[in-house]
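Chain identifiers are assigned alphabetically (A, B, ...) following the order of the sequence lines, protein sequences preceding nucleic acid strands; residue numbering begins at 1 within each chain.
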There are 2 protein chains.
Amino acid sequence: MPAKYSSSKENYLKAIFHLQETHGTVTTNDVANELQTRPASVTDMLKKLKAQKLLLYEKYKGFKLSNDGRKVALQIIRKHRLWEYFLVEKLRFGWDEVHEIAEELEHISSKQLIDRLDEFLGFPKTDPHGDPIPDSQGRWVQAKQVDLLNLPLNKVAEVSGIGDQSAEMLELLGHKNIGLGTRLEVKKKFAFDNSLEVKIKNQHTVTISEHVAKNVFVKYDE
Amino acid sequence: MPAKYSSSKENYLKAIFHLQETHGTVTTNDVANELQTRPASVTDMLKKLKAQKLLLYEKYKGFKLSNDGRKVALQIIRKHRLWEYFLVEKLRFGWDEVHEIAEELEHISSKQLIDRLDEFLGFPKTDPHGDPIPDSQGRWVQAKQVDLLNLPLNKVAEVSGIGDQSAEMLELLGHKNIGLGTRLEVKKKFAFDNSLEVKIKNQHTVTISEHVAKNVFVKYDE
DNA sequence: TTTACTTTTTAGATTTGCCTAAATTTTATT
DNA sequence: AATAAAATTTAGGCAAATCTAAAAAGTAAA
């Protein structure tokens with residue numbers, strides 16, 4: 001059976017999905033930028049996606065994925081992340097070398113292949129970057145969001161939001177190398193002043209005050 | 001890095017390689033037939049392959065792969081067979097289910113990926129159909145084998161390759177419980193139609209037509 | 001060897017996905 | 001509110017890979 005959608009369409013769906021999730025809104029320019037292409041090309045493709053009912057789109061009025069489009073996007077993401085897991089865990093690639101290869105592998109169409117791969121890998125919940133892997137029905141285990149004070153000790157989590165976004169706060173976080181998407185875990189909590197020792201993935205440990213901790217939100221798997 | 005050649009070009013190279021190996025000569029019509037396409041489309045592609053020096057071609061005068069074309073074809077075949085091996089040995093697919101999926105996987109471009117996969121699989125010498133896997137330099141060990149018709153009576157031998165790998169053939173062999181590695185011996189040969197009675201190790205005897213026998217290759221000790 | 005048949009190639013379209021340049025619509029700024 | 005700027009879409013093209021129909025070249029047969 002031939003693939004239902006071209007690789008190109010799949011890439012658009014995936015990009016739109018990501019922008020929707022992370023920025024809330026999506027614009028033609030955002031998509032063009034994400035896919036390293038031109039706004040005019042994006043407009044062309046949006047029309048095709050609309051014609052296939054994968055996208056809700058009215059010209060000049062913005063757009064978002066339909067339920068079907070969302071489903072397709074989730075399957076691509078599932079494939080991408082399972083292949084990344086395979087590359088790192090079985091073929092011993094570094095976690096920073098696998099993205100490009102997975103970009104190609106994610107377009108292999110066989111659903112049976114991906115389900116068997118999933119099984120072979122032991123049904124992993126997250127990819128090597130800590131992002132969740134949707135299951136074969138496209139369900140995610142939606143990560144739980146809490147502030148740093150309430151993150152259980154030794155749980156790896158990903159920074160997903162900042163409460164106080166003042167320049168001072170951002171300067172402090174920048175200095176400590178903490179930003180959106182940073183992966184970290186709380187190693188120690190001092191009862192005296194509620195300060196924390198936080199280990200930042202692939203870096204060393206920093207100390208964070210209660211005030212700061214209350215304003216850093218993270219996601220983690222249960 | 002982007003793929004050097006389109007999937008389509010790779011498919012042409014592979015088809016031409018196979019026709020060259022098995023029939024000696026290759027014609028425009030053969031290629032069209034092999035790839036389920038039209039002769040006019042083949043002519044178009046031959047020109048492109050010639051322009052890229054992958055093919056030696058003069059119109060109306062026949063054609064064959066250049067050294068470069070041959071090298072590319074062997075790399076595709078390497079990838080195809082390694083993926084088939086992976087699908088059967090690691091993901092537990094049946095050896096008759098893997099061809100289609102491997103047709104897609106063989107176009108993934110990363111050379112590093114395929115070399116690591118090779119290593120992960122333990123550098124297999126043949127794919128699940130018994131066909132040899134070229135090494136990363138494109139060399140292969142051509143296994144010495146005879147077809148069943150030429151196997152001496154009462155010699156125990158091991159199935160090492162299948163010529164015609166159509167779904168129909170594979171279905172028939174599957175039904176008779178003959179697969180790669182099966183050990184068997186020819187008990188009787190009927191001169192009338194060249195059909196054979198074949199005793200399969202640890203099982204009972206089956207009858208095999210000349211047509212099938214010609215396409216089952218075996219290895220045995222002298 | 002001349003005609004008939006087959007094979008191969010050309011000519012001209014089509015589809016997909018992309019492009020540039022120009023027009024249009026929306027948004028932001030005086 | 002008028003105008004400038006930015007975002008988006010249209011218009012018109014291009015390249016890859018395919019197709020059909022027709023022409024050309026090669027092969028075979030009377």
Any side-chain N or O of [X] under 4.0 Å from OP1/OP2 of [N]?
X      : N       : value
S8(B)  : dA16(D) : no
K9(A)  : dG17(C) : yes
K48(B) : dA17(D) : yes
N29(B) : dT8(C)  : yes

Problem set entry | Axis deviation across the helix from dT1(C)-dA30(D) to dT30(C)-dA1(D), five-pair ends, to the nearest 10° |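 Nearest ten degrees gives 10° for this helix.
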Exercise. Among V31(A), L56(A), L49(A), which one satisfies side chain to side chain contact (heavy atoms under 4.5 Å, CB included) with F63(A)?
Worked result: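 The passing option is V31(A).
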For this session: Can you spot which of D115(A), D127(A), D135(A) makes a side-chain hydrogen bond (donor to acceptor under 3.5 Å, both in side chains) with R78(A)?
Result: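 Of D115(A), D127(A), D135(A), side-chain hydrogen bond (donor to acceptor under 3.5 Å, both in side chains) with R78(A) is met by D115(A) alone.
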For this session: Could you tell me whether the side chain of F86(A) reaches within less than 4.5 Å of the side chain of L117(B), counting heavy atoms only?
Result: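 When only atoms from C-beta onward are counted, F86(A) and L117(B) do touch, with a gap below 4.5 Å.
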Exercise. From dT9(C), dT26(C), dA16(D), pick the nucleotide closest to the side chain of P39(B)?
Worked result: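 For P39(B), the side-chain atoms sit closest to dT9(C).
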Exercise. What nucleic acid atoms does F63(B) come within less than 4.0 Å of, heavy atoms only: base, sugar-phosphate, or nothing?
Worked result: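 It contacts nothing in the nucleic acid.
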For this session: Pick base, sugar-phosphate or nothing for T43(B), based on heavy-atom distances below 4.0 Å to the nucleic acid.
Result: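 Base, at least one base atom sits under 4.0 Å.
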Exercise. What is the distance, rounded to the nearest whole Å, between atom CG of D30(B) and atom P of dT8(C)?
Worked result: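 Spelled out: CG on D30(B) to P on dT8(C) is 8 Å.
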Exercise. Do K14(A) and E106(A) sit within salt-bridge range, that is, some charged N less than 4.0 Å from a carboxylate O?
Worked result: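 A salt bridge is present here (some side-chain N lies under 4.0 Å from a carboxylate O).
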Exercise. Is any NZ, NE, NH1 or NH2 atom of the basic residue among K79(A) and E103(A) found under 4.0 Å from an Asp or Glu carboxylate oxygen of the other?
Worked result: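 Salt bridge flag = no for E103(A) with K79(A).
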Problem set entry | Donor-acceptor contact below 3.5 Å, side chain S41(B) vs main chain T37(B) |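 A pair under 3.5 Å: no.
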Problem set entry | Under 4.0 Å protein heavy-atom contacts per nucleotide of nucleotides 19-24 of chain D, with B for base, S for backbone only and - for none | BBB--B
Problem set entry | Six-ring centre of Y57(A), K64(A) cation under 6.0 angstrom, axis tolerance 45° |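 No.
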Problem set entry | Upstream residue (5' side of DNA chain C) when S7(A) and K59(A) are each assigned their closest nucleotide |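 Going by which nucleotide is closer to the 5' end, it is S7(A).
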